[in-house]
Amino acid sequence: MNTLARYSDSFFGTMAAILSNTFILAMGALVLLAVIFYIIDVTQTTHTIRRNYPLIGRFRYFFEKLGEFFRQYFFAQDREELPFNRAQRSWVYRAAKNLDNTQAFGSTRDNDKEGHVLFVNAGFPVLEEEAQEIEPLIYGPYCRNPYSSSSIFNISGMSYGAISKPAVRALSQGAALAGCWMCTGEGALSKFHLEGGCDIVFQIGTAKYGVRDEHGHYSEAKLRAIADKPQVKMFELKLSQGAKPGKGGILPAVKVSAEIAEIRGIPEGQASISPNRHPDIANNRELLERINWLREITGKPVGIKFVLGDGSWLEDLLQAINEAGIEQAPDFFTLDSGDGGTGAAPMTLIDDVGLGIHEALPLLINKLDLYKLRERIRVITSGKLINPTDVAWALCVGADAVNNARGFMFSLGCIQALQCNKNTCPTGITTHDPKLQRGLVTEDKTERVANYQRNMVREVSMIAHSCGVEHPRKLSRRHARVVQSVNHSISLVEYYAPY
Ligand SMILES: Cc1cc2nc3c(=O)[nH]c(=O)nc-3n(C[C@H](O)[C@H](O)[C@H](O)COP(=O)(O)O)c2cc1C
Ligand code: SF4
């Protein structure tokens, strides 16, 4: 071997050694970094996905960021996805984190599309110093303990069982911080609902969980015990909900733990099937009798939740109320949209049964006006009203308050993975798997729930002030218009007159 060859061998040998050492060092550094990130992720308490999926969860944010750029060329646009598009969800996420929710450059919404709602700004908007607090409303003026609430945005029924313990706790504490009420859903009242100290609406579903005896009939003693709790302000008899009208819930045996069984008053480890309707209520006369019986026992306001389908049923009910006398009326109606959400329901019912809120709400308000019951029966409504313009629309049409379920789920960190009917919710909201629940840290999400509620009220108030009224309850149909075709909109007053 000549000198040059020897020199070149030793050069390449050294280079190879340097490169391989560098590679080993780089790999070592990468592994070390991965371990550090892993530890940071499992121990931090603010990001559910990173806590449940340490390290790989970080890629979600990276891909989300890249997605913003790629989507505009290849995939769904901001306003395309269902049930909630990215623009709607982003507003909630940002409101929940108390981040700036302003936008740059201009609207990405197609404002000329038929059905689009526009609010009409006043010549002279309300100054901040002229703005007023939202007036409280009385629910149940004829019962022993009427409820006074000024809240216009509240947490809709989601049962403990459909949603997890940390989710119920964060909602309860967030509602207390924000000053709104929380409906229990049909799964009865648990200590987790009470621990935040918020106002509670106790829902009675067709299986009467929490207020039933061993045969599934009402237990007066249990009703009185629930009503005795000062936090429980009202009772809501659920006739139907938008996602599954005419269908009772099924709680599979695996979900009927000792704790759930005790709270609901059912045998442990056995599937529990709710009837399609309240077996004790087959017509409007029986409905009014049951409402009055419940009101007498509990001493608190009693209302009904339903999704509107057959309009003649509603007319019959209002007629029956007028015949019985207004004291006998339900204290409130909770009107749900045909496209409401749930933990699990057949697609047929989810998709195609029950009127949507945009048709049902004006119809209900008009009928209440017609039967002169508008002042007597408060109207609460729900159904995809997750952004300020949705809530402002409902108030304009005539609702007294809005309930919301899925918006509050987004505030808890829901990423619309659509697995609520399995036990695999990646954000710990609709799963009973403790490993996945670990990611949902109550303290952090409590703040987000409260922020979402407060920012909602703030922006609905902003719309009200722009329309020239001092607070959101003063919004009326004359403050909004519906687009009919390009460059042509009409006032809600005119648009909803024939409903
Ligand atoms: C996970 C989940 C559980 C629910 N559980 C109940 C329930 O127990 N009782 C009820 O009346 N509605 C229940 N709902 C329906 C909501 O209360 C609400 O009526 C519906 O989702 C429409 O409102 P939203 O669009 O704000 O979600 C549930 C909804 C979800 C998403
Ligand atoms: S993340 Fe998915 S599974 Fe969990 S609550 Fe949201 S939609 Fe349901």
Side-chain angles (χ1 to χ4, degrees), residues 48-49 52-53 60 81-84 88-89 92-93 153-164 166-168 171 182-189 193 201-207 209-210 236-245 247-251 264 274 303-307 334-345 349-350 354 356-358 360-361 380-387 390-391 394 401-433 436-437 439-440 445 452 456:
T48 310
I49 292 289
N52 279 345
Y53 302 96
R60 171 163 185 263
E81 296 158 273
L82 286 169
F84 297 95
Q88 291 171 305
R89 294 199 315 267
V92 181
Y93 294 142
F153 191 63
N154 307 287
I155 302 176
S156 196
M158 287 177 279
S159 57
Y160 172 43
I163 59 171
S164 66
V168 173
L171 289 171
M182 173 190 194
C183 176
T184 57
E186 62 186 304
L189 182 70
H193 290 99
V201 175
F202 183 93
Q203 187 180 80
I204 304 173
T206 56
Y209 291 129
E236 180 178 84
L237 194 61
K238 188 181 89 164
L239 302 185
S240 57
Q241 71 178 85
K244 45 182 175 182
K247 176 114 185 77
I250 299 172
L251 197 67
R264 296 194 177 203
S274 303
I304 51 174
K305 173 168 179 172
F306 58 89
V307 53
T334 304
L335 177 70
D336 201 17
S337 182
D339 55 5
T342 184
L349 295 182
I350 283 195
I357 205 65
H358 288 94
L361 182 61
I380 304 160
T381 194
S382 56
K384 294 178 125 182
L385 307 172
I386 74 164
N387 291 160
D390 307 319
V391 174
V402 166
N403 275 357
N404 185 285
R406 286 167 292 177
F408 278 103
M409 289 169 94
F410 289 134
S411 77
L412 289 172
C414 165
I415 55 170
Q416 198 166 262
L418 307 184
Q419 296 172 25
C420 319
N421 54 344
K422 308 193 180 107
N423 205 19
T424 52
C425 168
T427 58
I429 300 170
T430 53
T431 176
H432 298 297
D433 181 342
L436 295 169
Q437 285 184 4
L440 203 167
K445 300 301 189 247
Y452 173 47
M456 173 64 83

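Numbering of ligands and ligand atoms starts at 1, following listing order. Note that these values count all heavy atoms, side chains included, but never hydrogens, waters or copies made by symmetry. These numbers come from a predicted model, not from an experiment.
Close approach of ligand 1 to Gly185 (heavy-atom distance below 4.0 Å) involves ligand atoms 7 (C), 8 (O), 9 (N). Here is the list of ligand 1 atoms found below 4.0 Å of a heavy atom in Lys305: 10 (C), 11 (O), 12 (N), 16 (C), 17 (O), 18 (C), 19 (O). Remark: ligand 1 atoms within the under-4.0 Å shell around heavy atoms of Ser159 are 5 (N), 8 (O). Interface of Lys384 with ligand 1, defined as ligand atoms under 4.0 Å from a residue heavy atom, comprises 24 (P), 25 (O).
Scanning all protein heavy atoms for the shortest distance to atom 9 (N) of ligand 1 gives Gln203 OE1, 2.8 Å. Looking from atom 23 (O) of ligand 1 to the surrounding protein, the closest heavy atom is Gly383 N, 3.7 Å. Annotation: atom 21 (O) of ligand 1 to nearest protein heavy atom, Gly341 N, 2.9 Å. Looking only at protein heavy atoms, the nearest one to atom 3 (C) of ligand 1 is Met158 CG, 3.7 Å. Taking atom 1 (C) of ligand 1 as the reference point, the nearest protein heavy-atom neighbour is Gly343 N, 3.8 Å. Counting only heavy atoms of the protein, atom 26 (O) of ligand 1 lies nearest to Ala405 N, 2.8 Å. The protein heavy-atom contact nearest to atom 4 (C) of ligand 1 is Gly157 O, 3.5 Å. The protein heavy atom nearest to atom 18 (C) of ligand 1 is Ser156 OG, 3.5 Å.
In this structure, Tyr452 has its ring center at least 6.0 angstrom away from the ring center of Phe410.
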**Q.** From CA spacing to verdict: side chain to side chain contact (heavy atoms under 4.5 Å, CB included), Ile357, Leu335
**A.** CA-CA 8 Å; Ile357 205 65; Leu335 177 70; 3.8 Å; yes
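Interatomic distance, Asp336 CG to Lys305 NZ, rounded to the nearest 0.5 Å: 4.5 Å.
Residue-level proximity to ligand 1 for Lys238 is carried by the side chain, the only part with a heavy atom below 4.0 angstrom. Looking at Asp336 against ligand 1, only its side chain comes within 4.0 Å, counting heavy atoms. By the criterion of a heavy-atom distance under 4.0 Å, both the backbone and the side chain of Glu186 are placed next to ligand 1.
Considering backbone and side-chain N/O of Thr342, none are found under 3.5 Å from N/O of ligand 1. Residue-to-ligand polar distances keep Ala162 apart from ligand 1: every N/O pair is separated by 3.5 Å or more. In terms of polar-atom proximity, Gly407 is not counted as a contact of ligand 1, lacking any N or O under 3.5 Å from an N or O of the ligand. Polar contact check, Thr430 against ligand 1: no nitrogen or oxygen pair lies under 3.5 Å apart.
Under a 4.0 Å heavy-atom criterion, Met409 is in contact with ligand 1.
Around atom 8 (Fe) of ligand 2, the protein atoms of type N, O or S found under 2.8 Å away are Cys420 SG, listed by chain and number.
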